[in-house]
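Per chain, numbering begins at 1; letters A, B, ... match sequence-line order. Reckoned from all heavy atoms, side chains included, excluding hydrogens, waters and symmetry mates. Quick caveat: nothing in here was measured; it's all calculated off a predicted structure.
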Protein chains: 2
Amino acid sequence: MQRQPRPYTCGIDAAIDVIGGKWKVLILWALHTGPQRFGELKRLVPGITEKMLIQQLRELESDDIVHREVHHQVPPKVEYSLTDFGTSLNDSLKPLGEWGEQHMDRIVATRHPQHD
Amino acid sequence: MQRQPRPYTCGIDAAIDVIGGKWKVLILWALHTGPQRFGELKRLVPGITEKMLIQQLRELESDDIVHREVHHQVPPKVEYSLTDFGTSLNDSLKPLGEWGEQHMDRIVATRHPQHD
DNA sequence: TCAGGTACTTACCAGAATGTCAGTGAGGAG
DNA sequence: CTCCTCACTGACATTCTGGTAAGTACCTGA
């Protein structure tokens, strides 16, 4: 995300700026059942690379959406969890998620008309 | 947007695929008060170029989010409006918009720390 | 005949976003 | 002493998004 100064036309605009990109909402989604380790997240978000996962986690962390907790152990263990702020974001994302869920078929059909 | 086949991990994923990008939600927002002509939209969505506006409108149209109505007149007149589907999307976007609205200050503060 | 308004269309390009891949450090197992 | 796991990091390549600037077609009014 670009992080350029934007006065934001409306609230959605601001929210999209926080959760924009290909992976953020998926990470949020993976986190909504509870804290997860780095490696677990990698498994929970299919297709993401380590670089992207860390990068997005760092951004979410600096936006105070996720919390990062390091356990100083020998194979390192780091747990990521939603902050209260992140939880509130996730909650307000729910209706959109339900909309997507309900209309998934239609979305898939119009956006990816079977061509093979 | 990439339009590649994606099984979609969750509903939000699908929804984001439909409204993703820099302009879609702003167009939706501009449309939520009623139908608008092309030129009006251009004014309502500050900063958008004609190319982007048309491109995004076309995509929204093909996703059946907006309806395009041509009035065959001499200075051409084309009106864009939300379909029922688009209205339902807009509705489910509302909580996110409210979240953004509520936390706008915080978002701006964390994402754009004053550096001049 | 010629500029003007409206809704586009097209070619080209910069820069942002994402991906690939190889490497790091610390301690435990063998 | 070497390899293994885990959580990263960095250089580089590619792909995608959005931006600029110009042009089109149509009819109208001067």
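- Residue contacts shown for A/Lys51 include a base, since a base heavy atom lies under 4.0 Å away.
- The separation between A/Gln56 atom CD and D/dC8 atom C1' is 15 Å, rounded to whole Å.
- Note that the two end axes of the helix from C/dT1-D/dA30 to C/dG30-D/dC1 enclose an angle of 30°, each drawn from 5 base pairs, rounded to 10 degrees.
- The distance from atom CD of A/Glu79 to atom C1' of D/dC6 is 14 Å, rounded to the nearest whole Å.
- Considering A/Asp91, A/Leu96, A/Asn90 in turn, A/Asp91 is the only one that fulfils the side chain to side chain contact (heavy atoms under 4.5 Å, CB included) rule with A/Lys94.
- With DNA chain D read from its 5' end, the first of the two nearest nucleotides for B/Pro76 and B/Glu50 is the one closest to B/Glu50.
- The existence of a salt bridge linking B/Arg106 and A/Asp64 is confirmed by a sub-4.0 Å separation between a basic side-chain nitrogen and an acidic carboxylate oxygen.
- Between A/Arg37 and D/dA7, a side-chain N or O to OP1/OP2 separation shorter than 4.0 Å is present.
- Heavy-atom nearest nucleotides on DNA chain D were determined for B/Trp23 and for A/Gly39, and the one closer to the 5' end corresponds to A/Gly39.
- We find that CD1 of B/Ile54 is positioned 4 Å from C1' of C/dC8, with the value rounded to whole Å.
- Side-chain contact between A/Pro46 and B/Thr9 is present, with heavy atoms from C-beta onward closer than 4.5 Å.
- Mapping B/Leu57 and A/Ile48 onto DNA chain C by nearest heavy atom places B/Leu57 closer to the 5' end of the strand.
- We find that CD of B/Gln73 is positioned 11 Å from P of D/dT28, with the value rounded to whole Å.
- Protein atom CD1 of B/Ile16 is 17 Å distant from nucleotide atom C1' of C/dT18, rounded to whole Å.
- Residue B/Lys22 has a polar side-chain atom (N or O) positioned under 4.0 Å from OP1 or OP2 of D/dG19.
- Taking atom CD on A/Glu69 and atom P on D/dA7, their separation rounds to 14 Å, with Å as the unit.
- B/Trp29 and B/His32 have parallel rings, their planes meeting at less than 30° on a 0 to 90° scale where 60° marks the start of perpendicular.
- One atom, CG of B/Leu53, and another, P of C/dT6, lie 14 Å apart when rounded to the nearest Å.
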Could you list the donor-acceptor pairs under 3.5 angstrom formed between side-chain atoms of residues 67-81 of chain A and any protein atom two or more places apart in sequence or on another chain?
| from | atom 1 | to | atom 2 | distance (Å) |
| --- | --- | --- | --- | --- |
| A/Arg68 | NE | A/Tyr80 | OH | 3.3 |

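- One can place CE of B/Met52 at 13 Å from C1' of C/dA16, the figure rounded to the nearest angstrom.
- Tested against B/Gln36 for a side chain to side chain contact (heavy atoms under 4.5 Å, CB included), the candidates B/Val45, B/Val66, B/Leu41 yield a single pass: B/Leu41.
- Distances shorter than 4.0 Å separate none of the side-chain N or O atoms of A/Lys42 from OP1 or OP2 on D/dA7.
- Regarding contacts with the backbone of D/dA7, every side-chain N or O of A/Arg68 stays at 4.0 angstrom or more from both OP1 and OP2.
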Can A/Trp99 and B/Ile12 be said to form a side-chain contact (heavy atoms from CB on, under 4.5 Å), step by step?
-> CA-CA 8 Å; A/Trp99 182 90; B/Ile12 305 180; over 6 Å; no
